[in-house]
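Below is one structure, written out as structure tokens; the observations come after it.
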Protein chains: 2
Amino acid sequence: MDRMKPNISMAVIRRLPKYYRYLNELMEKGITRISSKEFGRILGFTASQIRQDLNCFGGFGQQGYGYNVRELRDEIANILGINKTKNAIIVGAGNLGQAIANYSGFRGSGFVLKAMFDINPRLVGISIRDIKIMDIDDMGEFIKNSGVNAGIICTPKEGAQSVADRLTGEGIKAIWNFAPTDLEVPEDVIVENVHLSESLMVLAYMMNERDRMENTQ
Amino acid sequence: MDRMKPNISMAVIRRLPKYYRYLNELMEKGITRISSKEFGRILGFTASQIRQDLNCFGGFGQQGYGYNVRELRDEIANILGINKTKNAIIVGAGNLGQAIANYSGFRGSGFVLKAMFDINPRLVGISIRDIKIMDIDDMGEFIKNSGVNAGIICTPKEGAQSVADRLTGEGIKAIWNFAPTDLEVPEDVIVENVHLSESLMVLAYMMNERDRMENTQ
DNA sequence: TATATATTGGTAATTATTTAACAAATTGAT
DNA sequence: ATCAATTTGTTAAATAATTACCAATATATA
């Protein structure tokens with residue numbers, strides 16, 4: 001009975017977490033209302049863009065008033081689905097995996113870390129924040145019994161695809177991938193990549209570009 | 001004496017590291033030439049997009065032949081500036097900072113980690129991969145003496161802006177920021193953000209969206 | 001050498017995204 | 001209660017990004 005939404009572009013979706021973050025900051029400051037103009041000034045966006053983005057999901061504002069900060073924040077939380085609990089496991093418990101396990105941003109996005117897995121016997125048995133690192137061969141059974149919704153891949157490039165295969169084979173339909181490779185997964189599986197090296201190369205490009213500019217002038 | 005380049009969009013720049021990665025893989029397989037058509041098939045891009053992107057920087061291909069894999073890879077490395085050495089320091093030596101310090105992708109992007117800093121006396125003195133964690137109050141002097149080109153911020157949100165201020169105050173003009181906040185810096189300072197929580201929220205959205213689709217049908 | 005096939009670089013067309021404009025509604029001041 | 005000042009949602013215009021197209025040129029083959 002839902003009205004058919006025209007597909008919402010990823011450009012819009014990727015701005016929502018920023019809106020959410022700034023709305024929380026406004027709340028902390030005790031600000032209860034905000035106009036798209038002022039919000040845009042704070043975020044560095046145009047007022048038009050903010051109104052256009054929000055209107056993809058509904059008319060949350062009021063003419064002459066603006067937007068209620070708390071209400072808009074709650075709406076965006078709901079759109080993002082971060083108020084729904086999702087169980088996650090980390091595969092690859094090396095430095096990065098352990099850092100992610102300690103990452104405090106999970107709860108703010110609705111994710112709860114349930115277990116960690118690794119192939120390295122030296123790591124198996126260690127606990128990180130009360131989460132025991134288990135042998136990856138026990139992963140299938142754990143997933144079956146524990147209602148896992150998402151897998152976080154923190155392995156080196158070489159192991160990533162086979163981990164993805166095992167995860168999707170067990171019915172996991174969402175992957176947060178830190179391995180520097182593009183995973184091949186069934187089309188109903190969602191993959192969100194965090195490619196650190198690509199980010200670093202973009203930083204290198206911009207540094208290089210600025211140097212070029214300076215040397216040309 | 002350089003011809004004036006029309007500004008190249010970030011959309012193009014952010015695809016270059018992926019081109020670079022796949023070209024390296026092709027080289028490892030011993031493949032010496034590639035057409036935009038075949039390259040596009042591998043990457044999941046259109047051939048047009050690849051040719052258009054590459055032509056922003058010059059005509060690296062040859063009609064009837066395609067692109068020489070090694071040559072194109074080297075050109076892209078040069079465009080990205082990843083073959084130039086850049087000295088970096090990490091500020092914030094907690095879990096994430098230590099994981100980044102252990103990150104093997106540095107050398108592939110031309111970055112060399114020179115030092116780590118923290119305010120926590122328990123961490124100061126520890127070494128990670130031969131890099132000693134130093135007190136943040138010694139940072140200014142270190143930067144003056146060691147030719148540091150980039151700062152990597154791995155602190156919590158609260159400390160990030162003041163770290164950015166100190167870094168830019170010491171003349172650092174490039175920041176790789178992992179703190180979940182938008183840094184305010186002078187306009188000649190480059191900031192590349194890695195906002196993990198935003199990435200995670202986008203994953204949450206996509207999971208949520210798929211559930212909505214399934215429940216509607 | 002001649003000819004069919006492949007493939008680029010560049011331009012044009014299309015599609016997507018962002019920004020501008022404005023009627024309609026609301027607030028707040030007098 | 002009236003009126004000026006705000007501000008939204010929405011439509012239109014402008015800008016940006018992607019894709020299609022094709023002449024020019026190279027390769028490969030007979």
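So you know, we letter chains A, B, ... as the sequences are listed, proteins then strands, and number each from 1.
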Lys/Arg N to Asp/Glu carboxylate O, A:D188 vs A:K173, below 4.0 Å: yes
Any pair counted as side chain to side chain donor-acceptor pair (under 3.5 Å), so long as it reaches [range], sequence neighbours left out:
{"range": "residues 85-104 of chain A", "answer": "A:N102-A:R129"}
{"range": "residues 16-28 of chain B", "answer": "A:D182-B:R21, A:D182-B:Y22, A:E198-B:R21, B:Y19-B:D53, B:N24-B:R73"}
{"range": "residues 149-160 of chain A", "answer": "none"}

Answer with base, sugar-phosphate or nothing: what part of the nucleic acid does B:F39 contact at a heavy-atom distance below 4.0 Å? nothing
Protein within reach of the bases, or only the backbone? For nucleotides 17-25 of chain C, mark each nucleotide 5' to 3' as B, S or -, using heavy atoms under 4.0 Å. SSBBBB-BB
Qualifying residues under side-chain contact (heavy atoms from CB on, under 4.5 Å), relative to A:I131, sequence neighbours excluded: A:L113, A:M116
With sequence neighbours left out, write down each residue that passes side-chain contact (heavy atoms from CB on, under 4.5 Å) with B:T46, or none if nothing qualifies. B:S48, B:Q49
For A:N177, which residues count as a side-chain hydrogen bond (donor to acceptor under 3.5 Å, both in side chains) partner, sequence neighbours excluded? A:N193
Take the C1' atoms of the five end pairs on each side of the helix from C:dT1-D:dA30 to C:dT30-D:dA1, derive the two axes, and give their angle rounded to 10 degrees. 20°
Do A:F142 and A:F117 have ring centroids that are under 6.0 Å from one another? yes
Please state how far atom CD in B:E38 lies from atom P in C:dT8, giving the value in whole angstrom units. 11 Å
Mind calculating the distance between OH (A:Y67) and P (C:dT27) to the nearest angstrom? 15 Å
Test: salt bridge (charged side-chain N to carboxylate O under 4.0 Å, His left out). Region: residues 35-51 of chain A. Which pairs qualify, not counting sequence neighbours? A:E38-A:R41
Along DNA chain D, 5' to 3', what are the outermost nucleotides having an atom less than 4.0 Å from a heavy atom of chain B? D:dA17 to D:dA28
More than 12 heavy atoms of other residues, nucleotides or ligands under 6.0 Å from CD1 of B:I119: yes or no? no
Contact summary for A:Y205 and B:I79, nearest pair of heavy atoms: CD1-O, 3.4 Å
Under the ring pair (Phe, Tyr, Trp, His ring centres under 6.0 Å) rule, what pairs show up with a residue in residues 177-202 of chain A, not counting sequence neighbours? A:W176-A:F178
Filtered N/O pairs between nucleotides 28-30 of chain C and protein, under 3.5 Å:
unit_1	atom_1	unit_2	atom_2	d
C:dG28	OP1	A:R33	NH1	3.2

Does A:I153 form a side-chain contact (heavy atoms from CB on, under 4.5 Å) with A:L183? I'd like the steps, not just the answer. CA-CA 10 Å; A:I153 298 181; A:L183 302 171; 3.8 Å; yes
